[in-house]
Amino acid sequence: MPADGKDGRELLLRNFRPQSKLKVAETLLQHAKYSVVDVHTHFHYRLRGNEQALADFVAVMDRNQIAVCASLDGKLGTQLTDHCKFLRAKYQDRFVIFANVDWVGDGDTDDPSTWACHRSGFGQRTADQLSEAVKTDGISGLKVFKRFGLKYRNPDGSLIEIDDVRWDPIWKRCGELGIPVIIHTADPAAFFDPIDATNERWEELSRHPDWSFYGDDFPSRQELLAARNRVIAKHSGTQFIGAHIANSSEDLSSVSKWLDTYPNLWIEPASRIAELGRQPFTSREFLIKYADRLLFGTDGPQPETRLRLYWRFFETHDQSFPYSEKVPPPQGFWQIHGVKLPDAVLKKLYYENAARLIPGVAQRVAIFEKQRRLTSPTQQSANNE
């Protein structure tokens, strides 16, 4: 008999599609209350140079009051050059671009012994490339992907360590240049646990077993986060953005300790309102307490439906609503509750903090707000009430 749940039969978890019978108030926001800077987007990897898709998303940005997006996909070299051209040809004032370290260079992807990062002087050469990219391409930051610590390997087969002294010139130069480093370290806590009946993300991991980092082939999550924190502590003159709530949105007490310990650490919530929204009282207190260290991010470009769930989460007290438009939901079978942040906190989260941290943002936000006032003064006034 099929495991379809009908007539008392067993049901496969992958086929579970619960429909809530809860009747509660809904606040369906069509846009953010204030101008927004999305500091975590991937316009190269998501759009792949599609100009129509870019134009379509800029229209989404307009409708949702997103003034600026930071695209994190500018790998040093030709990808950075091409990506700058792609975003700036028509939308110079709507994007800032972060560079990426090219660890492999002209080496063989399958042979770490040939990689550029294992050649003498790589850290200094990369630092110099970043200086040139700031001068020539106007980059606004550096993005470090999670493969750093989890995938990239040394010639002997061991994993590259996040706090390896070889990379110190890179972090130091970012501080000297005044550009922040947004770093994705580790992943959700459940991804480091066995994929068994006790894992709350079992359904997701059953569809994506390659997302699991459980076992002896990987360092522990605690080791990865500790190594990242040692880098932050060592390079106090460089500003670091912990992507995805410093990848510990399940444990805000730990994030609080890090923020208290490292004044050069910032955080952003891309793809983590699912975690924040199931602990709304703790999250609201946390977000208000650390309002001066918050940035806004989505891991976009995201569908407009997803963006509106972010506005709903941060701006309302709505209860038990989805955190994603996807079926099944991608990060657990639960719903979230809004935290209704005070206006002063919303402004810091949405744009004020990004404007003072990330080069090129403040002037772009000013241009966006001026254009909105000129084109729709009545709507702008309503948005700010």
Side-chain angles (χ1 to χ4, degrees), residues 27-41 43 47 51-72 84 86-98 138-141 178 180 266 268-270 287-288 291-298 300-318 338-385:
T27 310
L28 303 181
L29 302 179
Q30 302 302 303
H31 53 74
K33 189 172 185 178
Y34 302 106
S35 297
V36 171
V37 177
D38 189 339
V39 306
H40 192 143
T41 60
F43 279 84
L47 301 190
E51 293 184 1
Q52 184 57 57
L54 178 60
D56 291 344
F57 193 78
V58 170
V60 171
M61 292 170 63
D62 290 341
R63 289 195 295 271
N64 285 271
Q65 205 153 269
I66 300 174
V68 182
C69 285
S71 182
L72 307 182
C84 288
F86 173 59
L87 293 178
R88 292 171 175 167
K90 295 182 180 179
Y91 309 108
Q92 169 73 29
D93 296 328
R94 304 303 296 276
F95 295 95
V96 294
I97 299 168
F98 280 43
I139 67 161
S140 295
W266 306 64
E268 56 84 16
L287 294 168
I288 292 173
D292 290 334
R293 312 280 284 283
L294 296 177
L295 303 163
F296 179 83
T298 66
Q302 299 285 9
E304 193 161 16
T305 305
R306 178 88 60 93
L307 293 173
R308 289 171 176 172
L309 293 173
Y310 276 87
W311 318 142
R312 190 177 179 188
F313 170 66
F314 287 115
E315 297 182 27
T316 81
H317 268 149
D318 283 6
V339 293
K340 193 173 176 58
L341 295 176
D343 284 356
V345 176
L346 277 178
K347 290 178 181 179
K348 291 179 180 181
L349 166 71
Y350 279 169
Y351 72 94
E352 288 182 346
N353 290 343
R356 65 189 178 92
L357 174 68
I358 303 173
V361 165
Q363 54 266 49
R364 286 172 170 82
V365 171
I367 291 170
F368 176 79
E369 293 190 336
K370 180 179 179 180
Q371 290 175 339
R372 285 186 69 85
R373 286 194 297 270
L374 291 173
T375 57
S376 183
T378 301
Q379 182 62 49
Q380 182 70 15
S381 176
N383 288 343
N384 290 334
E385 289 178 357

Carefully, step by step, assess Arg94 and Phe368 under the rule side-chain contact (heavy atoms from CB on, under 4.5 Å).
-> CA-CA 8 Å; Arg94 304 303 296 276; Phe368 176 79; 3.5 Å; yes

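- Taking CZ of Arg356 as the start and CD1 of Ile358 as the end, the distance is 11.0 Å to the nearest 0.5 Å.
- Among all heavy-atom pairs drawn from His31 and Trp311, the shortest one is C-CD1, 3.5 Å.
- Between Phe43 and Phe95, a ring centre-to-centre spacing shorter than 6.0 Å is recorded.
- Summarising the geometry of Gly297 relative to Asp38, their closest heavy-atom pair is CA-OD1, 3.2 Å, with the distance given to 0.1 Å.
- Atom CD of Gln92 sits in a crowded spot, with more than 12 heavy atoms from other residues, nucleotides or ligands closer than 6.0 Å.
- To the nearest 0.5 angstrom, Thr375 atom OG1 is 12.5 Å from Lys370 atom NZ.
- Between Pro269 and Phe314 the shortest side-chain heavy-atom distance falls below 4.5 Å.
- The two residues Pro342 and Ile288 come nearest to each other via the heavy atoms CD-CD1, 3.8 Å.
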Please report the C-alpha distance between Leu294 and Lys348 in whole Å, then the side-chain angles of each, then the deciding distance to 0.1 Å, and finally whether the side-chain contact (heavy atoms from CB on, under 4.5 Å) criterion is met.
-> CA-CA 7 Å; Leu294 296 177; Lys348 291 179 180 181; over 6 Å; no

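- In this structure, CG in Leu54 is found 9.0 Å from CE in Met61, a value given to the nearest 0.5 Å.
- Leu87 approaches Ser71 most closely through the heavy-atom pair CD1-CB, 3.7 Å.
- Ion pair Arg308/Glu304 flagged as a salt bridge, since at least one NZ, NE, NH1 or NH2 atom sits closer than 4.0 Å to an Asp/Glu carboxylate oxygen.
- At a threshold of 4.5 Å between non-hydrogen side-chain atoms, the residues Phe86 and Tyr91 do not count as touching.
- In plain terms, the two heavy atoms of Ala70 and Thr41 that are nearest each other are O-OG1, 2.6 Å.
- Salt bridge annotation for Arg372-Asp62: absent, with no cationic side-chain nitrogen under 4.0 angstrom from a carboxylate oxygen.
- A pairwise comparison of heavy atoms in Ala291 and Asn353 identifies O-ND2, 2.7 Å as the closest pair.
- Under 4.0 Å is where a charged nitrogen must lie from a carboxylate oxygen, and between Asp93 and Arg364 no such pair does.
- By the 4.5 Å heavy-atom criterion applied to side chains, Ile66 and Leu307 are counted as neighbours.
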Given the rule in the side-chain contact (heavy atoms from CB on, under 4.5 Å) test, do Ser140 and Phe98 qualify, once you have shown the distances and angles that lead to the verdict?
-> CA-CA 5 Å; Ser140 295; Phe98 280 43; 4.1 Å; yes

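- Val37 is listed as a side-chain neighbour of Val39, based on a closest heavy-atom distance under 4.5 Å.
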Between Leu287 and Val339, does a side-chain contact (heavy atoms from CB on, under 4.5 Å) hold up when you go through it step by step?
-> CA-CA 9 Å; Leu287 294 168; Val339 293; 4.3 Å; yes

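- Side-chain contact of Arg63 with Gln30: a donor-acceptor pair under 3.5 Å is absent, judged by distance alone.
- One side chain, Glu268 or His40, offers a donor N or O that lies under 3.5 Å from an acceptor on the other.
- Between the CG atom in Leu357 and the CG atom in Asp292 there is a gap of 12.0 Å [rounded to 0.5 Å].
- Residues Thr316 and Leu29 are in side-chain contact: their nearest non-hydrogen atoms beyond the backbone lie under 4.5 Å apart.
- Residues Leu349 and Leu341 form a side-chain contact, since some pair of their non-hydrogen atoms from C-beta on lies under 4.5 Å apart.
- Side-chain contact of Ser35 with Glu369: a donor-acceptor pair under 3.5 Å is present, judged by distance alone.
- Between Phe296 and the choices Tyr34, Tyr310, Tyr351, the ring-ring contact (aromatic ring centres under 6.0 Å, His included) rule is met once, by Tyr310.
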